[in-house]
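Note that the coordinates shown come from a computational prediction; the quantities given were computed from them, not determined experimentally. First the proteins, then the strands, lettered A, B, ... as listed; each starts at 1. Values below: all heavy atoms of this structure, side chains included; hydrogens, waters and symmetry mates excluded.
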Protein chains: 2
Amino acid sequence: MRELCLPVGLDAAALKEVDRLVTDRRRLDKGAAVYRAGDPFSALYAIRLGSCKTAVLAEDGREQVAGYHMIGDIIGLDGIATERHACQAIVLEDTEVCVIPFTQLEGLARRFPSLQHNLHQFLSREIGRDQSMMLLLGNMRADERLAAFLLSLSDRYRQHGYSATEFVLRMTREEIGSYLGLKLETVSRLLSRFQSKGLLKVRGRELKLLDMPALKQLAGRGS
Amino acid sequence: MRELCLPVGLDAAALKEVDRLVTDRRRLDKGAAVYRAGDPFSALYAIRLGSCKTAVLAEDGREQVAGYHMIGDIIGLDGIATERHACQAIVLEDTEVCVIPFTQLEGLARRFPSLQHNLHQFLSREIGRDQSMMLLLGNMRADERLAAFLLSLSDRYRQHGYSATEFVLRMTREEIGSYLGLKLETVSRLLSRFQSKGLLKVRGRELKLLDMPALKQLAGRGS
DNA sequence: CGCGCCGTTGATATTATTCAAGACCAGTGG
DNA sequence: CCACTGGTCTTGAATAATATCAACGGCGCG
């Protein structure tokens, strides 16, 4: 757990307590749900192994992927407000999570200021991420969105010690499209176009980023 | 402050302490900033009077309105993660906010579990709101977005004891468009179309919702 | 009164979606 | 081993949705 859960700046005592708190683990087969919309909220979940998507559902069944999460990420933060999960978390491959009972975590947070602040930062970071996503969905064109998405994946793989330029997508074109507010055909076309422009090489879900500066410029950063 | 800031379920002792903490107030003229992107984070702000928008900025200057906030709302939550505000908050009319020093609030939260939980719910609620917004921006058509926006305004006015069907918009068409991922002309056209369909009556920024069920149907169910 | 923003509306252009057909690929059972 | 199947992915052509460009009207304010 140590590094996974609440990585930064925790004193040893707090860490020990968190370790003691987090005893329960859960293995999930590909496609299974960590939690579903409407489930009672009782815990946060830290991904120990594998990856998942979180998605909000419209009344008519339309699904919006709200985020992709990988090893070390903590999910379920949206459930605190109403005591029920507002979205569902579906694992994209066989995955293991550890369960962090929230009421007890709050108890620890009252005893350890560093843990408390860490928790607040986690919540706040999620807000920041969501707002960047709103910017992406509200203001960017399809190719800019896809470039930004690929770069964010790249960045996270790099942070976890994997290659930043060569990785395997864990999700379908349709799921990428749902995340980016695009249809699966649009995603497919864009990947082909990026490839023909020499920005990347794509073969199914295997991806190799060839021209990061160009991608960054597209995404709105590098320019 | 009592009701404004952290309304639900606070015991008297916690409330008294919060009152003591929140002494500083600030008056802002229309168009002024409560905080700007990049400002050091030190406090949350509760709107006592007036209203404001929060907006994230892209590198190229494009602006995405992330939320509209009115009396009783608390803003600035995005700054906790990085110790700097990630977005800017601009007041839409002459507005008064009270300043809630965050480090001290964390101190209180350690002493009062009810306050602590309240704070977590606040943060979580913001996450839920942002994710609904992602659903709106990613999956809904222009008319559905506008209907959803008008209904959410209506709801909030109702909650504050104002008319749910008749109110004055505090923002320009362009700002509405920025929030909804649309251009100002599209917003204008849609308002005209809604009017011609008898859904509402619009004159400048004065708005009267005439057919709430129809608006709800537009906002809720897809095409 | 006149100037600057704000808002409306029309014509046209662009972007992304929809519909449709077929290719690919892994797993399954004959 | 091979054909079959279901899900995924690619690509094209037609279509729909929204943006862009442009002109003008109106309102508020100095």
Side-chain angles (χ1 to χ4, degrees), chain A residues 29-31 53 60 62-65 90 92-94 136-150 168-197 200-208 218 220, chain B residues 29-31 53 58 60 62-65 90 92-94 136-150 168-197 200-208 218 222-223:
Chain A
D29 292 336
K30 178 175 174 174
K53 65 171 175 179
D60 58 3
R62 278 184 291 188
E63 157 176 321
Q64 168 77 32
V65 173
I90 306 290
L92 299 169
E93 57 198 307
D94 291 5
L136 180 145
L137 291 169
N139 274 303
M140 291 166 69
R141 283 175 308 112
D143 54 351
E144 298 174 325
R145 295 185 203 182
L146 184 59
F149 171 67
L150 296 176
V168 175
L169 298 171
R170 300 267 121 95
M171 65 297 281
T172 67
R173 304 285 191 264
E174 183 169 23
E175 288 168 327
I176 296 174
S178 169
Y179 186 50
L180 300 177
L182 302 170
K183 294 296 159 190
L184 70 96
E185 296 96 327
T186 306
V187 174
S188 178
R189 272 185 247 276
L190 286 171
L191 283 171
S192 300
R193 201 165 93 211
F194 283 3
Q195 178 165 247
S196 77
K197 284 208 244 174
L200 50 75
K201 188 166 182 320
V202 56
R203 184 186 143 74
R205 299 197 182 173
E206 290 167 40
L207 212 60
K208 189 173 193 168
L218 243 186
Chain B
D29 293 335
K30 178 175 175 175
K53 66 172 176 179
D60 56 7
R62 280 184 290 190
E63 157 177 320
Q64 169 78 30
V65 172
I90 305 289
L92 299 169
E93 56 198 309
D94 290 5
L136 180 145
L137 291 169
N139 275 302
M140 291 166 67
R141 286 177 302 114
D143 53 351
E144 300 174 325
R145 294 186 204 182
L146 184 60
F149 171 67
L150 296 176
V168 175
L169 298 171
R170 298 268 124 91
M171 65 296 281
T172 67
R173 303 288 191 262
E174 183 169 23
E175 287 168 329
I176 296 173
S178 168
Y179 187 49
L180 300 177
L182 302 170
K183 293 296 159 188
L184 68 97
E185 295 95 328
T186 305
V187 174
S188 179
R189 272 185 247 276
L190 285 171
L191 283 171
S192 300
R193 201 165 94 211
F194 283 3
Q195 179 164 247
S196 77
K197 284 208 241 172
L200 51 74
K201 189 166 180 320
V202 57
R203 184 186 144 74
R205 299 195 184 175
E206 290 166 41
L207 212 60
K208 190 174 194 170
L218 245 187
S223 45

**Prompt:** Tell me, do A:L184 and A:T172 make a side-chain contact under 4.5 Å, heavy atoms counted?
**Reply:** no
**Complete:** In whole angstroms, the gap separating P of D:dG7 from CD of A:E175 amounts to 14 Å
**Prompt:** Counting any heavy atom closer than 4.0 Å, what does A:G177 reach on the DNA or RNA strands: base, sugar-phosphate only, or nothing?
**Reply:** nothing
**Request:** May I have the distance from B:M140 (atom CE) to D:dA17 (atom C1'), rounded to whole angstrom?
**Result:** 15 Å
**Fill in**
With the side chain defined as heavy atoms from C-beta on, B:A142 is closest, among C:dT8, D:dT11, D:dT18, to D:dT18
**Request:** To the nearest Å, give me how far apart NZ (A:K183) and C1' (C:dT15) are.
**Result:** 15 Å
**Prompt:** How close or far is atom P of D:dT18 from atom CG of A:N139, stated in whole angstroms?
**Reply:** 16 Å
**Prompt:** How about B:E174: does its CD atom have over 12 heavy atoms from other parts shown lying under 6.0 Å from it?
**Reply:** no
**Asked** OP1 or OP2 of D:dC9 sitting under 4.0 Å from any side-chain N/O of A:R205?
**Response** yes
**Message:** Considering every strand and a 4.0 Å limit on heavy-atom distances, what is the contact class for A:S188: base, sugar-phosphate, or nothing?
**Reply:** base
**Request:** Nearest whole angstrom, please: distance from the C1' of C:dT17 to the CG of A:L180.
**Result:** 15 Å
**Asked** Closer than 4.0 Å, any side-chain N/O of A:R189 to the OP1 or OP2 of D:dT10?
**Response** no
**Message:** At 4.0 Å (heavy atoms only), tell me whether A:R193 reaches a base, stays on the sugar-phosphate, or touches nothing.
**Reply:** nothing
**Item:** B:R203 CZ - C:dT8 C1' separation (whole Å)
**Value:** 14 Å
**Request:** Take atom CZ of B:R173 and atom C1' of D:dG26, then tell me their distance rounded to the nearest Å.
**Result:** 13 Å
**NZ/NE/NH1/NH2 to OD/OE distance under 4.0 Å, A:E93 and A:R205** = no
**Asked** Which one, C:dT8, D:dT18, C:dA16, comes nearest to the side chain of A:R141?
**Response** C:dA16
**Message:** Any non-hydrogen side-chain atom of A:L190 less than 4.5 Å from a side-chain atom of A:R145?
**Reply:** no
**Request:** Check whether any side-chain N or O of A:T172 sits under 4.0 Å from OP1 or OP2 of D:dG7, and answer yes or no.
**Result:** no
**Request:** Starting from P on D:dT8, measure out to CD on A:E185 and report it in whole angstrom.
**Result:** 14 Å
**Message:** Need one value for A:L182: base, sugar-phosphate or nothing, where a base atom within 4.0 Å counts as base even if backbone is also close, heavy atoms only.
**Reply:** sugar-phosphate
**Asked** Under a 4.5 Å cut-off applied to non-hydrogen side-chain atoms, are B:R62 and A:M140 in contact?
**Response** yes
